[in-house]
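Notes follow the structure.
Just so it is clear: chains get the letters A, B, ... in the order the sequence lines come, proteins before strands, and each one is counted from 1.
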Amino acid sequence: MNATPDLPPTYYLSNFTFLVDWVAVRYEDLLTQEERDFADTFQHLPLHSQCLFVRLSSRKGPFFRADKINYPEINSLEDAAKYLIECGFIDIQVLLSFHEVAHLLTKAELVEAFSVNSKSERKSNLIDQLAHLYPSTKEWQQWTNKQLGLVYCLKTQHIIDNFLLLFFGNSHQDLTEFVLQDIGLFRYENYTIDEQHRIFKTREELELYKHLIILREQLELASTHENLVEIARQIPDSIQAHTLRRRRSKLCNQLAYKFERQHQVDLALSLYRQSELPPARERQIRLLEKQEKYLEAWDMLESLLTAPVDEQELQIAERISLRLAKKLGKSYSKKTPSSVTERSLTLVNPYNISGTQQLNVEEIVRLHFHSTEAPCIYVENQLLTGLFGLWLWPEMFRSLDGAFANPFQSAPLDMYEASFSLKRPRITELFCLFEDGYHKQHIRDMWRMKQGLANHFVNWHFFNEEILNLALEVIPAQHLALIFKRILFDVRNNRSGLPDLIQFFPDKNDYLMLEVKGPGDRIQDNQRRWLDFFSANKIPAEVVYVSWQ
DNA sequence: ACCAGACACCCACCC
DNA sequence: ATAAAGTACG
DNA sequence: GGGTGGGTGTCTCGTACTTTA
Ligand SMILES: [Mn+2]
Ligand SMILES: [Mn+2]
């Protein structure tokens, strides 16, 4: 079934050189001398040395035991390594701390080398105990009495990281993207990449991004209060480039939240004040409320209510207003409760059903309603969001300035920017398709033509032809247009929260969406907003509360 | 879409 | 000796 | 019982091999 094409034995080298060349051409002026030297030196290395270098670069690192390196396509490890040592990419005379050594050894080797008695301790505990006895650093050969061969230390990871960052424009993609494409797992739309546009305008932007990445990593590890303070100290002053600005705000929020949990209210507040992203204002209000500074909280609440950054923030603000108003003796008009249909279902306790595996609530409810005449499907966001992606396809992958910067994108770079629709005025033409029902053909065409191409909104495993046809036949054009408009209004927030189930009634040309709630589960904010929207627009959706018999 | 959002599930608290 | 976790790889 | 706020656990290709417990 899986016809994995055989890759050439050094496929990874081709990928790596492609990437390095790409960056060297486009970002030549942003590179440091060291980085330019690297590209040049690498190019002139013997092939097997290049191979070894790339293989090590995509492994854990930075230390590698020679006896754990074994690649059929590299004939002589020693010889390949020789050139890498010569040009300084690899070092073999390097001092290792005890921790570094310990992690290179298996537990058995560790016990053997340091003659440990308590053999049954976990490895991490052993390391902690032994670490006190060996505070100094030594070379690997000294640590191991030359019993275990060489260790190579890769000295270039910072350079590679920069190349990856410049190529992809983000920190979460790496060389494996190439392989996944080669084996056919992911395929990408053939958009044209803007040669002029560069994600990083200046070296400073690259450095800032790297800095933020490092701080985020430190934040994950940080446990002590001092750690957090140190991170806070290192947060850069406000930034002009807006994606970086966004990342900075997110970091502020995360850090502030950590301070909150340590009851460092003032530190938390000052960080939230620096943030432009939700939930910064919400958190400030909650903190002020907890401090019983109700008037200050109310002020911030009002500023939020007059200019919420999104519906989610507004929704929360209204909730808080209700109880804060009570505390202040003010009146706050509660919004009219929504008229979403709710029903209760009592089903047999699933634990009593013998034999088969445990089903989740949604699946049980689905089976309860499902019939061949009225098929019920567990879709969550996949159906409507997927239809949205198919419908929007031509505009989504339209080649605009700066929309695409590398060959591995499943959405344009500005997909979640407020200006997305403004920059693509021809979206209105796509909306016109709904007026005469041409949207069906359009979406079917996209489904057929774009089969398997990566799109943020489309899960191809989910979308078979039956579901597609069922949905297109039964969901009115007007409903789809309204729903897509709402997604476009705020893609980031409105691409989720859609109901669990959808049941089709092809005979009656009707359908019904169902949000399933088991005992102890409750409607989330984004789900509530969608349900309110459905009810306001006469789109059939209900909540099913399940209890066990 | 940057160890994340995107779900359900768990507990606690307030009426 | 087993299952779970980590890692490398296409 | 509701309404809350807060915190977890799960999962992103699938497979083979090594290490840990
Ligand atoms: Mn769900
Ligand atoms: Mn549900």
Side-chain angles (χ1 to χ4, degrees), chain A residues 1-2 4-12 15 55-56 58-61 64 68-72 103 105-111 119-126 164-165 168-186 209-210 212-213 216-217 219-221 243-244 246-247 250-251 254 257 260-261 279 282-283 286 289-290 316 319-320 322-323 326-327 360-362 378 380-382 385 408-417 454 456-457 459 461 491-493 495-500 515-527 545-546:
Chain A
M1 185 176 183
N2 256 352
T4 303
D6 276 2
L7 268 45
T10 60
Y11 70 94
Y12 53 89
N15 296 338
R55 297 232 82 140
L56 294 187
S58 44
R59 280 229 233 161
K60 214 65 258 205
F64 303 91
K68 306 266 179 184
I69 301 172
N70 179 22
Y71 298 106
H103 287 293
L105 299 171
T106 66
K107 186 180 167 185
E109 291 167 334
L110 186 70
V111 169
K119 193 259 152 201
S120 57
E121 278 285 354
R122 344 173 100 236
K123 189 184 177 188
S124 58
N125 291 343
L126 288 182
L164 288 172
L165 221 45
F168 288 108
N170 60 59
S171 60
H172 62 97
Q173 288 181 294
D174 55 33
L175 279 174
T176 63
E177 296 290 334
F178 288 88
V179 198
L180 296 181
Q181 183 178 46
D182 289 341
I183 64 177
L185 233 183
F186 297 142
Y209 188 16
K210 278 200 299 177
L212 291 175
I213 291 170
R216 203 228 306 123
E217 287 168 354
L219 188 59
E220 270 176 53
L221 281 328
T243 42
L244 286 175
R246 196 176 168 75
R247 287 190 256 260
K250 188 176 278 186
L251 184 66
Q254 291 173 328
Y257 196 65
E260 266 196 67
R261 290 154 97 176
E282 172 204 338
R283 297 311 311 171
R286 290 192 194 284
E289 189 186 3
K290 217 169 282 179
I316 292 168
R319 203 155 56 215
I320 298 177
L322 227 46
R323 68 159 182 270
K326 214 172 291 177
K327 285 180 179 164
N360 50 12
V361 208
E362 295 87 352
Y378 187 12
E380 254 169 6
N381 302 313
Q382 301 181 104
T385 254
F408 303 101
Q409 288 179 228
S410 50
L413 289 168
D414 63 339
M415 187 72 236
Y416 298 96
E417 302 299 323
H456 254 101
F457 303 103
N459 176 0
H461 297 297
V491 183
R492 193 187 299 275
N493 286 305
R495 59 169 300 181
S496 61
L498 291 156
D500 295 315
E515 172 54 42
V516 177
K517 286 298 163 197
D521 189 12
R522 54 182 195 240
I523 299 175
Q524 293 161 16
D525 285 349
N526 55 351
Q527 296 172 333
Y545 289 102
V546 179

Rounded to whole angstrom, note down the P distance from D:dT15 over to B:dG5. 29 Å
A:N70 CG to D:dC17 C1': how many Å, rounded? 12 Å
Separation of D:dG5 atom P from A:E282 atom CD, nearest Å, is 8 Å
In whole angstrom, give me the gap between the P atoms of B:dC3 and D:dA16. 28 Å
Between the side chain of A:R495 and the main-chain N/O of A:H456, is any donor-acceptor distance below 3.5 Å? yes
Take atom NZ of A:K327 as the centre, draw a 6.0 Å sphere, and report whether it contains more than 12 heavy atoms from other residues, nucleotides or ligands. yes
Measuring only the P atom in each nucleotide, how far is B:dA1 from D:dC17? A whole number of Å is fine. 32 Å
Looking at D:dA21, C:dG10, D:dT20, which one has an atom nearest to any side-chain atom of A:V179? C:dG10
OP1 or OP2 of D:dG6 under 4.0 Å from side-chain N/O of A:R286: yes
In whole Å, what separates the P atom of D:dG9 from that of C:dA5? 13 Å
Would you confirm whether A:K517, through its side chain, and A:R522, through its main-chain N or O, come within 3.5 Å as a donor-acceptor pair? yes
Do A:D500 and A:V361 come close enough that some side-chain heavy atom pair is under 4.5 Å? no
Mind checking if A:K68 touches a base, just sugar-phosphate, or nothing, with heavy atoms under 4.0 Å? sugar-phosphate
Atom CZ of A:R319 and atom P of D:dG3 are separated, to the nearest Å, by 11 Å
Can you figure out which of D:dT4, D:dA21, C:dA8 approaches the side chain of A:K107 most closely? D:dA21
As a test of reading the structure: which of C:dG10, B:dA1, C:dC9 is closest to the side chain of A:Y416, going by heavy atoms? B:dA1
Between the OG1 atom in A:T385 and the CG atom in A:N459, the distance rounded to the nearest 0.5 Å is 11.0 Å
Looking only at the aromatic ring of each residue, does the gap between the centers of A:F408 and A:F178 stay below 6.0 angstrom? yes
Sugar-phosphate only, base, or nothing, as touched by A:R246 at under 4.0 Å among non-hydrogen atoms: nothing
Nearest-Å distance, CD1 (A:I320) to C1' (D:dG5)? 10 Å
Considering only the P atoms, how many Å lie between D:dC11 and C:dG6, rounded to the nearest integer? 13 Å
Residues, nucleotides or ligands: over 12 heavy atoms within 6.0 Å of A:R59 CZ: yes
Counting the atoms with a prime plus P, OP1 and OP2 as sugar-phosphate, which does A:L413 contact under 4.0 Å by heavy atoms, base, sugar-phosphate, or nothing? base
Counting distance only, does the side-chain N/O of A:S58 pair as donor-acceptor with the main-chain N or O of A:R55 below 3.5 Å? yes
Quick one: label A:Y209 by what it contacts on the DNA or RNA (base, sugar-phosphate, nothing), any heavy atom closer than 4.0 Å. base
Where does D:dT12 land, syn or anti, given syn is within 90° of 0? syn
Selection from D:dG6, C:dG10, C:dA8 that lies nearest to any side-chain heavy atom of A:Y11: C:dG10
Rounded to the nearest angstrom, tell me the gap between atom CG in A:D174 and atom P in C:dG10. 14 Å
Among D:dA21, C:dG10, D:dG6, the one nearest A:I183 by side-chain distance: C:dG10
Nearest-Å distance for atom pair NZ/C1', residues A:K123 and D:dT18: 12 Å
Of D:dG6, C:dA8, D:dT19, the nucleotide closest to the side chain of A:T106 is D:dT19
The test is side-chain contact (heavy atoms from CB on, under 4.5 Å); show your working for A:V111 and A:L126 and say whether it passes. CA-CA 9 Å; A:V111 169; A:L126 288 182; 4.2 Å; yes
Given 3.5 Å as the limit, does a donor-acceptor pair link the side chain of A:K107 with the main chain of A:R122, or not? no
Taking the same atom, P, in D:dG5 and in B:dC14, what whole-Å distance lies between them? 14 Å
Mind pulling the stems DNA chain D is in, i.e. runs of at least three Watson-Crick or G-U pairs, everything under 3.5 Å? B:6-13 with D:3-10, C:2-10 with D:13-21
Could you tell me how far apart A:E121 (CD) and D:dT20 (P) are, to the nearest whole angstrom? 15 Å
Is A:R283 near enough to D:dG6 that one of its side-chain N or O atoms lies under 4.0 angstrom from OP1 or OP2? yes
Base-contact (B) and sugar-phosphate-only (S) positions in nucleotides 4-11 of chain B, heavy-atom cut-off under 4.0 Å, - elsewhere: SSSSBS--
Residues which pass side-chain contact (heavy atoms from CB on, under 4.5 Å) with A:Q254, listed by chain and number, not counting sequence neighbours: A:R216, A:L219, A:K250, A:L251
Between CZ of A:R59 and P of C:dG6 the distance, given in whole Å, is 18 Å
